[in-house]
Student: 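First, the structure itself, so that you have it in front of you.
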There are 2 protein chains.
Amino acid sequence: MPDTPRALAKEPGACRAREILDRVGDKWSLQVIARLGERPYRFSELRRGIEGISQRMLTVTLRGLERDGIVSRTVTPVTPPRVDYALTPLGLTLLTAVNSLVSWAEVHLDEIDASRADFDRRTAAL
Amino acid sequence: MPDTPRALAKEPGACRAREILDRVGDKWSLQVIARLGERPYRFSELRRGIEGISQRMLTVTLRGLERDGIVSRTVTPVTPPRVDYALTPLGLTLLTAVNSLVSWAEVHLDEIDASRADFDRRTAAL
DNA sequence: CTGTATCCGCTGCGATACTG
DNA sequence: CAGTATCGCAGCGGATACAG
(Lines give C-alpha, C1' and ligand atoms only; values in the text may rest on other atoms or scores of the structure.)
Protein backbone atom coordinates (compact mmCIF):
# COMPACT_ATOMS: atom_id res chain seq x y z
CA MET A 1 0.00 0.00 0.00
CA PRO A 2 1.46 3.37 -0.97
CA ASP A 3 0.29 5.18 2.14
CA THR A 4 -1.85 4.51 5.12
CA PRO A 5 -5.26 5.85 4.09
CA ARG A 6 -5.71 7.99 7.15
CA ALA A 7 -4.71 8.14 10.76
CA LEU A 8 -7.94 8.57 12.65
CA ALA A 9 -7.28 9.61 16.21
CA LYS A 10 -10.43 8.14 17.70
CA GLU A 11 -11.15 10.92 20.18
CA PRO A 12 -13.63 9.70 22.79
CA GLY A 13 -16.54 12.08 23.02
CA ALA A 14 -15.13 14.66 20.66
CA CYS A 15 -16.89 15.80 17.53
CA ARG A 16 -17.25 12.93 15.11
CA ALA A 17 -17.89 15.47 12.41
CA ARG A 18 -14.16 15.70 11.96
CA GLU A 19 -14.12 12.20 10.58
CA ILE A 20 -16.42 13.01 7.75
CA LEU A 21 -14.43 16.11 6.96
CA ASP A 22 -11.28 14.09 7.02
CA ARG A 23 -12.90 12.02 4.34
CA VAL A 24 -14.41 14.74 2.24
CA GLY A 25 -12.15 17.62 3.08
CA ASP A 26 -8.89 16.32 1.74
CA LYS A 27 -7.39 17.63 -1.42
CA TRP A 28 -9.13 15.43 -3.98
CA SER A 29 -12.08 13.48 -2.57
CA LEU A 30 -14.61 16.14 -3.37
CA GLN A 31 -13.66 16.39 -7.00
CA VAL A 32 -13.64 12.63 -7.35
CA ILE A 33 -17.10 12.41 -5.80
CA ALA A 34 -18.35 15.21 -8.00
CA ARG A 35 -17.08 13.44 -11.12
CA LEU A 36 -18.54 10.11 -10.17
CA GLY A 37 -21.76 11.93 -9.42
CA GLU A 38 -22.11 12.46 -13.16
CA ARG A 39 -21.51 8.87 -14.23
CA PRO A 40 -19.16 5.92 -13.64
CA TYR A 41 -15.59 6.43 -14.77
CA ARG A 42 -12.57 4.31 -15.50
CA PHE A 43 -9.29 5.03 -13.76
CA SER A 44 -7.62 6.86 -16.62
CA GLU A 45 -10.72 8.77 -17.55
CA LEU A 46 -10.92 10.02 -14.01
CA ARG A 47 -7.25 10.94 -14.03
CA ARG A 48 -7.62 12.95 -17.21
CA GLY A 49 -10.84 14.55 -15.99
CA ILE A 50 -9.37 15.90 -12.78
CA GLU A 51 -6.85 18.59 -13.48
CA GLY A 52 -3.56 18.15 -11.68
CA ILE A 53 -4.17 14.94 -9.77
CA SER A 54 -1.28 12.49 -9.72
CA GLN A 55 -1.72 8.80 -10.33
CA ARG A 56 -0.71 8.11 -6.81
CA MET A 57 -3.22 10.47 -5.23
CA LEU A 58 -6.04 9.20 -7.40
CA THR A 59 -5.29 5.68 -6.21
CA VAL A 60 -5.04 6.73 -2.57
CA THR A 61 -8.20 8.80 -2.75
CA LEU A 62 -10.22 6.08 -4.45
CA ARG A 63 -9.04 3.49 -1.93
CA GLY A 64 -10.12 5.68 0.93
CA LEU A 65 -13.54 6.29 -0.57
CA GLU A 66 -13.91 2.62 -1.36
CA ARG A 67 -12.99 1.72 2.18
CA ASP A 68 -15.71 3.99 3.50
CA GLY A 69 -18.25 2.48 1.15
CA ILE A 70 -18.66 5.68 -0.82
CA VAL A 71 -17.41 4.42 -4.16
CA SER A 72 -17.48 0.97 -5.68
CA ARG A 73 -14.64 -0.60 -7.61
CA THR A 74 -15.39 -3.09 -10.37
CA VAL A 75 -12.58 -5.02 -11.99
CA THR A 76 -13.10 -6.58 -15.40
CA PRO A 77 -10.32 -9.12 -15.92
CA VAL A 78 -9.48 -8.54 -19.55
CA THR A 79 -6.23 -7.50 -21.19
CA PRO A 80 -5.57 -4.73 -20.69
CA PRO A 81 -7.33 -4.75 -17.34
CA ARG A 82 -10.32 -2.50 -16.91
CA VAL A 83 -11.53 -1.02 -13.64
CA ASP A 84 -14.68 1.03 -13.24
CA TYR A 85 -15.49 3.31 -10.35
CA ALA A 86 -18.93 4.56 -9.36
CA LEU A 87 -20.74 6.07 -6.43
CA THR A 88 -22.50 3.64 -4.15
CA PRO A 89 -25.98 4.48 -2.80
CA LEU A 90 -24.22 5.80 0.29
CA GLY A 91 -21.99 7.89 -1.95
CA LEU A 92 -25.03 9.38 -3.62
CA THR A 93 -26.46 10.58 -0.33
CA LEU A 94 -23.11 12.15 0.47
CA LEU A 95 -23.10 13.87 -2.90
CA THR A 96 -26.34 15.58 -1.96
CA ALA A 97 -24.98 16.85 1.33
CA VAL A 98 -21.78 18.01 -0.28
CA ASN A 99 -23.63 19.83 -3.00
CA SER A 100 -25.26 22.13 -0.49
CA LEU A 101 -21.82 23.17 0.65
CA VAL A 102 -20.65 23.67 -2.90
CA SER A 103 -23.70 25.76 -3.66
CA TRP A 104 -22.97 27.85 -0.62
CA ALA A 105 -19.45 28.42 -1.87
CA GLU A 106 -20.63 29.46 -5.31
CA VAL A 107 -23.18 31.87 -3.92
CA HIS A 108 -20.86 33.52 -1.43
CA LEU A 109 -17.51 33.46 -3.20
CA ASP A 110 -17.62 37.09 -4.21
CA GLU A 111 -18.61 38.08 -0.71
CA ILE A 112 -15.69 36.12 0.72
CA ASP A 113 -13.22 37.53 -1.78
CA ALA A 114 -14.36 41.03 -0.89
CA SER A 115 -14.03 40.32 2.81
CA ARG A 116 -10.54 38.97 2.32
CA ALA A 117 -9.46 41.95 0.29
CA ASP A 118 -10.85 44.24 2.96
CA PHE A 119 -9.16 42.36 5.76
CA ASP A 120 -5.82 42.27 3.99
CA ARG A 121 -5.98 45.97 3.25
CA ARG A 122 -6.76 46.80 6.86
CA THR A 123 -4.05 44.60 8.31
CA ALA A 124 -1.54 45.83 5.75
CA ALA A 125 -1.96 49.29 7.22
CA LEU A 126 0.21 48.72 10.28
CA MET B 1 1.22 36.98 12.61
CA PRO B 2 2.05 33.41 13.70
CA ASP B 3 1.42 31.82 10.33
CA THR B 4 0.14 32.78 6.96
CA PRO B 5 -3.57 31.92 7.15
CA ARG B 6 -3.63 29.82 4.03
CA ALA B 7 -1.87 29.53 0.72
CA LEU B 8 -4.63 29.55 -1.87
CA ALA B 9 -3.35 28.44 -5.23
CA LYS B 10 -5.86 30.31 -7.38
CA GLU B 11 -6.32 27.67 -10.05
CA PRO B 12 -7.88 29.19 -13.17
CA GLY B 13 -10.99 27.31 -14.16
CA ALA B 14 -10.60 24.56 -11.60
CA CYS B 15 -13.18 23.74 -9.00
CA ARG B 16 -13.65 26.67 -6.65
CA ALA B 17 -15.25 24.30 -4.21
CA ARG B 18 -11.79 23.50 -2.94
CA GLU B 19 -11.54 26.98 -1.50
CA ILE B 20 -14.53 26.56 0.72
CA LEU B 21 -13.27 23.18 1.85
CA ASP B 22 -9.90 24.70 2.55
CA ARG B 23 -11.74 27.02 4.85
CA VAL B 24 -14.10 24.60 6.50
CA GLY B 25 -12.14 21.40 6.12
CA ASP B 26 -9.11 22.23 8.20
CA LYS B 27 -8.58 20.74 11.58
CA TRP B 28 -10.55 23.17 13.73
CA SER B 29 -12.76 25.56 11.76
CA LEU B 30 -15.80 23.33 11.88
CA GLN B 31 -15.78 22.99 15.62
CA VAL B 32 -15.26 26.71 16.08
CA ILE B 33 -18.17 27.46 13.76
CA ALA B 34 -20.33 24.91 15.55
CA ARG B 35 -19.56 26.49 18.91
CA LEU B 36 -20.22 30.00 17.75
CA GLY B 37 -23.42 28.73 16.23
CA GLU B 38 -24.71 28.27 19.76
CA ARG B 39 -23.82 31.74 21.04
CA PRO B 40 -20.98 34.26 21.07
CA TYR B 41 -17.90 33.21 22.99
CA ARG B 42 -14.83 34.81 24.49
CA PHE B 43 -11.40 33.55 23.52
CA SER B 44 -10.74 31.51 26.64
CA GLU B 45 -14.24 30.12 26.73
CA LEU B 46 -13.76 28.82 23.22
CA ARG B 47 -10.40 27.38 24.08
CA ARG B 48 -11.83 25.49 27.01
CA GLY B 49 -14.86 24.41 25.04
CA ILE B 50 -12.90 22.83 22.23
CA GLU B 51 -11.06 19.78 23.41
CA GLY B 52 -7.44 19.66 22.44
CA ILE B 53 -7.07 22.92 20.52
CA SER B 54 -3.91 24.87 21.20
CA GLN B 55 -3.91 28.58 21.79
CA ARG B 56 -2.01 29.09 18.62
CA MET B 57 -4.43 27.16 16.43
CA LEU B 58 -7.45 28.86 17.94
CA THR B 59 -5.92 32.21 17.08
CA VAL B 60 -4.97 31.12 13.57
CA THR B 61 -8.37 29.56 12.94
CA LEU B 62 -10.28 32.58 14.21
CA ARG B 63 -8.15 34.94 12.10
CA GLY B 64 -8.88 32.92 9.00
CA LEU B 65 -12.59 32.88 9.65
CA GLU B 66 -12.57 36.57 10.43
CA ARG B 67 -10.73 37.28 7.22
CA ASP B 68 -13.39 35.44 5.28
CA GLY B 69 -16.13 37.37 7.00
CA ILE B 70 -17.48 34.30 8.75
CA VAL B 71 -16.85 35.38 12.32
CA SER B 72 -16.73 38.85 13.87
CA ARG B 73 -14.19 39.93 16.45
CA THR B 74 -15.14 42.53 19.04
CA VAL B 75 -12.51 43.99 21.32
CA THR B 76 -13.54 45.63 24.59
CA PRO B 77 -10.57 47.68 25.79
CA VAL B 78 -10.70 47.02 29.51
CA THR B 79 -8.11 45.46 31.82
CA PRO B 80 -7.82 42.62 31.43
CA PRO B 81 -8.75 42.91 27.73
CA ARG B 82 -11.89 41.18 26.56
CA VAL B 83 -12.52 39.87 23.06
CA ASP B 84 -15.78 38.37 21.87
CA TYR B 85 -16.25 36.23 18.81
CA ALA B 86 -19.53 35.55 17.03
CA LEU B 87 -20.82 34.31 13.72
CA THR B 88 -21.61 36.96 11.15
CA PRO B 89 -24.77 36.65 9.03
CA LEU B 90 -22.57 35.03 6.40
CA GLY B 91 -21.28 32.66 9.02
CA LEU B 92 -24.81 31.69 9.93
CA THR B 93 -25.62 30.69 6.37
CA LEU B 94 -22.46 28.59 6.32
CA LEU B 95 -23.49 26.94 9.56
CA THR B 96 -26.67 25.80 7.86
CA ALA B 97 -24.81 24.27 4.95
CA VAL B 98 -22.27 22.64 7.22
CA ASN B 99 -24.95 21.16 9.40
CA SER B 100 -26.31 19.11 6.53
CA LEU B 101 -22.90 17.53 6.23
CA VAL B 102 -22.67 16.93 9.95
CA SER B 103 -26.11 15.36 9.95
CA TRP B 104 -25.05 13.11 7.13
CA ALA B 105 -22.04 12.03 9.15
CA GLU B 106 -24.11 11.27 12.21
CA VAL B 107 -26.62 9.27 10.24
CA HIS B 108 -24.09 7.22 8.33
CA LEU B 109 -21.26 6.80 10.80
CA ASP B 110 -22.17 3.25 11.70
CA GLU B 111 -22.49 2.35 8.07
CA ILE B 112 -19.05 3.78 7.38
CA ASP B 113 -17.47 2.07 10.35
CA ALA B 114 -18.92 -1.23 9.19
CA SER B 115 -17.66 -0.67 5.68
CA ARG B 116 -14.19 0.12 6.97
CA ALA B 117 -14.08 -2.95 9.15
CA ASP B 118 -15.18 -5.05 6.20
CA PHE B 119 -12.63 -3.51 3.90
CA ASP B 120 -9.80 -3.89 6.38
CA ARG B 121 -10.68 -7.51 7.01
CA ARG B 122 -10.75 -8.27 3.30
CA THR B 123 -7.46 -6.57 2.58
CA ALA B 124 -5.84 -8.12 5.63
CA ALA B 125 -6.46 -11.51 4.06
CA LEU B 126 -3.52 -11.41 1.66
C1' DC C 1 -6.68 37.65 29.39
C1' DT C 2 -5.44 37.69 24.60
C1' DG C 3 -2.51 37.20 21.92
C1' DT C 4 2.54 36.80 19.09
C1' DA C 5 7.31 34.57 17.89
C1' DT C 6 10.12 30.59 17.24
C1' DC C 7 11.39 25.96 16.85
C1' DC C 8 10.31 21.49 14.94
C1' DG C 9 8.29 16.92 14.11
C1' DC C 10 4.92 14.61 11.33
C1' DT C 11 2.38 13.64 7.26
C1' DG C 12 0.24 14.89 2.80
C1' DC C 13 1.44 14.77 -1.56
C1' DG C 14 4.16 15.25 -5.93
C1' DA C 15 7.94 13.00 -8.83
C1' DT C 16 9.76 9.08 -10.40
C1' DA C 17 10.57 4.29 -11.36
C1' DC C 18 8.92 -0.39 -11.54
C1' DT C 19 5.20 -4.55 -11.95
C1' DG C 20 1.21 -7.63 -13.85
C1' DC D 1 -4.13 0.08 -18.38
C1' DA D 2 -3.97 0.12 -13.44
C1' DG D 3 -1.66 0.07 -10.12
C1' DT D 4 2.62 -0.26 -6.16
C1' DA D 5 7.32 1.23 -3.94
C1' DT D 6 10.38 4.77 -2.53
C1' DC D 7 12.15 9.33 -1.88
C1' DG D 8 11.87 14.16 -0.69
C1' DC D 9 10.12 18.37 0.75
C1' DA D 10 6.75 21.97 2.05
C1' DG D 11 3.51 23.25 5.34
C1' DC D 12 0.19 22.14 9.17
C1' DG D 13 0.00 22.28 13.63
C1' DG D 14 1.94 21.25 18.72
C1' DA D 15 4.99 22.99 22.57
C1' DT D 16 6.96 26.54 24.58
C1' DA D 17 8.36 31.17 25.74
C1' DC D 18 7.30 36.17 25.58
C1' DA D 19 4.45 40.59 25.36
C1' DG D 20 0.61 44.28 25.79
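In what follows, every chain begins at residue 1, and chains take the letters A, B, ... in the order their sequences are listed. Everything numeric in this text was worked out from a predicted model, so none of it was measured.
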Student: Check the distance between D/dA15's C1' and B/L58's CG and give it to me in whole angstrom.
Tutor: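 Spelled out: CG on B/L58 to C1' on D/dA15 is 16 Å.
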Student: Let me know the distance between CD of A/E51 and P of C/dG14, rounded to the nearest Å.
Tutor: 13 Å
Student: Quick one: label A/R73 by what it contacts on the DNA or RNA (base, sugar-phosphate, nothing), any heavy atom closer than 4.0 Å.
Tutor: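 A/R73: backbone/sugar contact only, no base atoms under 4.0 Å.
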Student: Between D/dG3 atom C1' and A/E45 atom CD, what is the distance in whole Å?
Tutor: 17 Å
Student: Could you tell me which residues satisfy side-chain contact (heavy atoms from CB on, under 4.5 Å) with B/S100, sequence neighbours excluded, listed by chain and number?
Tutor: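 Expected list: A/A97, A/S100.
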Student: Using a strict threshold of under 4.0 Å (side-chain N to carboxylate O), is an ion pair present between B/R116 and B/D120?
Tutor: no
Student: Atom CD1 in A/I50, atom CG in A/L58: separation rounded to 0.5 Å?
Tutor: 6.0 Å
Student: Starting at the 5' end of DNA chain C and moving along, which residue's nearest nucleotide shows up first, B/F43 or A/M57?
Tutor: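 With B/F43 and A/M57 compared, the 5'-side residue is B/F43.
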Student: Return the value, rounded to whole Å, for the distance between atom CD of B/Q31 and atom P of D/dG13.
Tutor: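 For the pair B/Q31 CD and D/dG13 P, the rounded distance is 12 Å.
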Student: Within this structure, what is the OG-NZ distance for the pair B/S54 and B/K27, rounded to the nearest 0.5 Å?
Tutor: 8.5 Å
Student: Using whole Å, what does the distance between atom P of nucleotide C/dT19 and atom CD of A/Q55 come to?
Tutor: 14 Å
Student: Should B/D118 and A/R67 count as side-chain neighbours, where that means a heavy-atom distance under 4.5 Å?
Tutor: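 Side chain of B/D118 against side chain of A/R67, heavy atoms only: no contact under 4.5 Å found.
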Student: Name every residue in residues 78-86 of chain B that has at least one heavy atom under 4.0 Å from any atom of DNA chain D, in order of residue number, or write none if there are no such residues.
Tutor: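 Within this stretch, B/P81 sit under 4.0 Å of the strand.
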Student: What distance do A/S72 atom OG and A/L36 atom CG have between them, rounded to the nearest 0.5 Å?
Tutor: 8.5 Å
Student: To the nearest angstrom, how far is A/I53 atom CD1 from C/dC13 atom C1'?
Tutor: 11 Å
Student: Closer than 4.0 Å, any side-chain N/O of B/R63 to the OP1 or OP2 of C/dT4?
Tutor: yes
Student: Determine all donor-acceptor pairs shorter than 3.5 Å in which one atom belongs to a side chain in residues 39-47 of chain B; sequence neighbours excluded.
Tutor:
residue	atom	partner	partner atom	Å
B/Y41	OH	B/E38	OE1	2.9
B/E45	OE1	B/R42	N	2.8
B/R47	NH1	B/I53	O	2.9

Student: Mind grabbing the angle between the end helix axes of the helix from C/dC1-D/dG20 to C/dG20-D/dC1? Five pairs an end, 10° rounding.
Tutor: 40°
Student: Is the shortest side-chain N/O distance from B/R42 to OP1 or OP2 of C/dT2 below 4.0 Å?
Tutor: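 Checking C/dT2 against B/R42, a side-chain N or O does come within under 4.0 Å of OP1 or OP2.
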Student: Taking only residues two or more places apart in sequence or in another chain, which ones pass side-chain contact (heavy atoms from CB on, under 4.5 Å) with B/E106?
Tutor: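 Checked B/E106 against side-chain contact (heavy atoms from CB on, under 4.5 Å); matches are B/V102.
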Student: So, is B/S44 close to the C/dC1 phosphate, meaning a side-chain N or O under 4.0 Å from OP1 or OP2?
Tutor: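 True: B/S44 side-chain N/O within range (under 4.0 Å) of C/dC1 OP1/OP2.
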Student: Kindly list each side-chain donor-acceptor pair under 3.5 angstrom involving residues 88-96 of chain B, sequence neighbours excluded, with atom names and distances?
Tutor:
residue	atom	partner	partner atom	Å
B/T88	OG1	B/G69	O	2.6
B/T88	OG1	B/I70	O	3.2
B/T88	OG1	B/L90	N	3.4
B/T88	OG1	B/G91	N	3.0
B/T93	OG1	A/W104	NE1	2.8
B/T93	OG1	B/L90	O	2.7
B/T96	OG1	B/L92	O	3.2

Student: Mind calculating the distance between NZ (A/K27) and P (C/dG14) to the nearest angstrom?
Tutor: 4 Å
Student: Starting from C1' on C/dT2, measure out to CZ on B/R47 and report it in whole angstrom.
Tutor: 11 Å
